[in-house]
Amino acid sequence: MQTPRVRIVDAVELTPPQSGIRIKGWLRTVRASKQVVFLDVNDGSNMNGLQVVADESLPNAEEIRHLTTGSAVEIVGEIVESPAKGQKVELKAAEVIVLGKADPEYPLQKKRHSFEYLRTIAHLRNRTNTYGAVFRVRSVLAHAIHCFFQDRGFVYVHTPIITASDAEGAGEMFRVSTLDPTNPPRTESGAVDWGEDFFARQAFLTVSGQLNAETFAIGMSDVYTFGPTFRAENSNTARHVSEFWMIEPEMAFYDLDDNCALAEAFVKHLISTVLERCPEDMEFFDQRIQKGLIERLQHVRDSGFARMPYGEAVKALEASGESFEYPVHFGANLQAEHERWLTEKHVGRPVFVTDYPKEIKAFYMRRNDDGRTVAAVDLLVPGVGELIGGSQREERLDVLTATLTESGLPAEVYDWYLDLRRFGTAVHSGFGLGFERMVMYATGMQNIRDVIPFPRTPRHAEF
RNA sequence: UCCGGAGUAGCUCAGUCGGUAGAGCAGGCGGCUGUUAACCGCCGGGUCGGGAGUUCAAGUCUCUCCUCCGGAGCCA
């Protein structure tokens with residue numbers, strides 16, 4: 001019977017000598033000298049792969065010598081102590097089976113490529129050190145998110161991808177339609193008759209699962225969503241993609257303070273998990289991608305997050321003596337430069353900025369007693385700025401109805417949302433975290449297109 | 001969408017004052033007694049992003065379009 005395949009991450013931990021070990025993977029480099037060939041094999045399970053030593057006695061020695069980078073191979077042999085520096089153990093090959101040769105035009109070289117180039121071969125880039133590490137960390141973070149909430153009794157709610165409502169009341173959405181774009185049905189006035197469309201109304205890809213999550217919070221208490229969301233904005237930045245993943249917990253009987261406490265525990269859990277579970281990858285990011293990354297993450301993990309009302313933040317910014325590109329005054333949105341100054345220079349650790357002017361926040365956020373602010377919160381962290389946005393939700397029917405009208409949103413579309421305030425309304429809160437932003441923060445990667453497998457941005461939906 | 005930068009070999013880049021293009025890596029062949037993104041030698045490889053213009057002559061100067069990158073806005 002054939003011995004089972006051992007993943008390389010496990011093979012390198014075996015105590016030598018250990019014979020009959022079977023691995024499968026892809027060649028990163030081939031180094032041939034007269035008597036012996038060194039193959040660096042990687043199967044994606046770890047950063048460094050495994051060095052395979054194949055000598056001239058093998059029947060297909062000549063084939064091995066001419067193997068190309070990128071080829072898929074299967075190797076059976078003995079794990080032995082490596083006599084040379086560079087690795088603790090290596091695999092002395094007894095048999096090398098070529099599973100799939102790589103054409104000589106294989107575009108990944110054994111040298112540094114630019115991230116821009118690798119984006120053009122997104123179907124191959126997971127075979128590089130950087131992207132392999134990114135996507136391992138991304139996977140571990142996704143799991144850590146579920147663990148965090150599941151361990152606290154939260155219910156995972158699958159909110160819909162297709163929606164008829166617009167959670168923010170702003171932001172371009174992708175239309176979902178089965179009408180013939182060249183010849184849509186028309187009303188008597190000549191407008192497109194959406195009543196004839198698949199859902200008998202206009203429909204879009206969701207920009208947020210929050211409103212749906214709220215319906216489950218008002219009934220199941222502690223819930224969260226974790227799924228894809230879509231924005232049709234023509235944003236061309238290193239921080240925006242058209243399709244991204246968002247985590248949105250929603251909790252009944254939580255006020256804004258409870259909300260902040262949960263967000264703080266959540267961020268700390270994700271950071272400590274990734275530091276613990278991905279030491280090899282994190283070491284790589286710390287050395288090659290962002291110097292000091294691990295220390296910065298440890299600092300966030302170990303420090304108490306500060307809290308500061310928006311009004312106080314504005315005063316601090318005004319008194320800072322810094323020359324900002326955009327002026328600060330009460331009522332203005334905080335710009336990226338302001339957020340960075342607050343968290344990096346002013347408080348020197350993560351900070352929750354709370355109680356924003358109602359004019360710059362969404363309709364569903366709870367109106368404060370001062371009449372001018374809402375119970376909103378943004379978490380600002382050193383290095384990236386805003387990481388989390390959340391709020392205590394407006395639970396009073398009359399107030400919510402009024403703010404909905406003020407926002408110019410069609411009340412009939414939100415009827416079900418208002419029902420939550422009619423039938424057993426309760427104080428509740430929630431927040432949203434863009435998953436890719438978190439992956440960027442954890443890895444030090446500077447472009448969001450490099451932390452999602454197949455990024456969708458304006459003019460780009462290949463692969 | 002706005003502002004700035006950049007498009008030269010498969011990849012990363014150099015190319016001076018306008019005179020028809022070069023290196024490293026990758027690929028092919030050979031060498032090397034254990035390499036570490038091995039090393040050494042030889043060989044093949046180019047519509048200089050597209051189009052137009054100026055000029056005896058354009059990778060180089062001008063205009064224009066396209067694409068990418070960075071920053072900003074919007075936001076997550």
Side-chain angles (χ1 to χ4, degrees), chain A residues 27-40 42 48-56 65-70 80-88 90 92 102-121 124 128-130 167-168 170-172 206-210 228-248 288 324-326 333-337 339 360-362 378-379 384-390 431-441 446-452 457-460:
Chain A
L27 294 176
R28 287 286 178 83
T29 73
V30 178
R31 294 182 293 273
S33 60
K34 193 173 180 77
Q35 311 257 323
V36 68
V37 179
F38 298 95
L39 307 171
D40 281 353
N42 191 293
N48 293 325
L50 176 64
Q51 171 162 283
V52 172
V53 186
D55 66 36
E56 289 293 295
R65 174 174 298 275
H66 289 96
L67 278 172
T68 46
T69 306
V80 296
E81 259 182 73
S82 181
K85 286 177 189 164
Q87 58 281 317
K88 275 192 308 188
E90 61 191 26
K92 185 169 170 21
D103 191 278
E105 284 170 32
Y106 184 64
L108 288 171
Q109 301 164 36
K110 39 191 187 187
K111 65 163 209 163
R112 199 187 147 72
H113 290 282
S114 66
F115 292 147
E116 293 80 12
Y117 171 67
L118 292 167
R119 278 174 216 145
T120 69
I121 49 170
L124 299 173
T128 65
N129 284 339
T130 300
E168 305 290 329
E172 294 294 314
T206 185
V207 296
S208 163
Q210 180 198 315
T229 52
F230 307 87
R231 304 282 165 89
E233 297 286 352
N234 187 18
S235 291
N236 295 288
T237 82
R239 314 198 92 76
H240 294 87
V241 278
S242 309
E243 177 184 287
F244 63 100
W245 286 61
M246 194 145 63
I247 302 110
E248 294 174 294
R288 299 295 190 84
F324 294 113
E325 191 181 342
Y326 290 86
N333 257 313
L334 295 183
Q335 303 295 324
E337 55 178 348
E339 295 179 340
I360 60 173
K361 288 293 180 182
D378 283 353
L379 173 63
V384 295
E386 184 184 334
L387 192 62
I388 281 177
F431 62 83
L433 168 65
F435 184 45
E436 285 72 22
R437 296 269 173 94
M438 187 65 217
V439 179
M440 289 170 75
Y441 190 59
Q446 295 295 300
N447 195 307
I448 195 168
R449 301 175 186 102
D450 297 324
V451 299
I452 188 167
T457 54
R459 299 183 302 279
H460 292 284

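Each chain gets a letter, A, B and so on, in the order the sequences are listed, and its residues count up from 1.
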Return the pairing partner of [N] with a 3.5 Å limit on both distances, Watson-Crick or G-U wobble; otherwise return none.
N: B:rA21; value: none
N: B:rU67; value: B:rA6
N: B:rU16; value: none
N: B:rA26; value: none
N: B:rU33; value: none
N: B:rG45; value: none
N: B:rC74; value: none

Given [options], which nucleotide is nearest the side-chain atoms of [X]?
X: A:F38; options: B:rU1, B:rG34, B:rC11; value: B:rG34
X: A:E233; options: B:rC74, B:rU1, B:rU36; value: B:rC74
X: A:Y117; options: B:rG73, B:rC11, B:rC69; value: B:rC11
X: A:K34; options: B:rG73, B:rU67, B:rC32; value: B:rC32
X: A:H66; options: B:rG73, B:rG30, B:rC32; value: B:rG30
X: A:T68; options: B:rU33, B:rG28, B:rC11; value: B:rG28
X: A:H240; options: B:rG73, B:rC69, B:rG34; value: B:rG73
X: A:R449; options: B:rC69, B:rU35, B:rA72; value: B:rC69
X: A:S114; options: B:rG34, B:rC75, B:rU12; value: B:rU12

### Query
For the pair made of CD in A:E248 and C1' in B:rC75, what is the distance, rounded to whole Å?
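Result: 13 Å.
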#### Entry: Atom-pair distance (CZ on A:R65; P on B:rG34), nearest Å
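Going from A:R65 (CZ) to B:rG34 (P), I get 11 Å.
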### Salt-bridge present (A:R65, A:E56; N to O < 4.0 Å)
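Result for this pair is yes, salt bridge flagged.
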### Task
From the options A:V52, A:T69, A:L39, select the one residue that forms a side-chain contact (heavy atoms from CB on, under 4.5 Å) with A:L27.
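The passing option is A:L39.
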### Message
Is the phosphate of B:rU35 approached by A:R31 (side-chain N or O, under 4.0 Å from OP1 or OP2)?
### Response
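Checking B:rU35 against A:R31, no side-chain N or O comes under 4.0 Å of OP1 or OP2.
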### Task
Report yes if a side-chain nitrogen or oxygen of A:T29 is closer than 4.0 Å to either non-bridging phosphate oxygen (OP1 or OP2) of B:rA38; otherwise report no.
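Answer yes for this pair, as a side-chain N or O of A:T29 is under 4.0 Å from OP1 or OP2.
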### Query
Taking for each residue the nucleotide of RNA chain B with the nearest heavy atom, is it A:A238 or A:T69 whose nucleotide lies nearer the 5' end?
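Here A:T69 is the residue nearer the 5' end.
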### Which residue lies more 5' along RNA chain B, comparing A:R459 with A:S82 via nearest heavy atoms
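Nearer the 5' end of the strand: A:S82.
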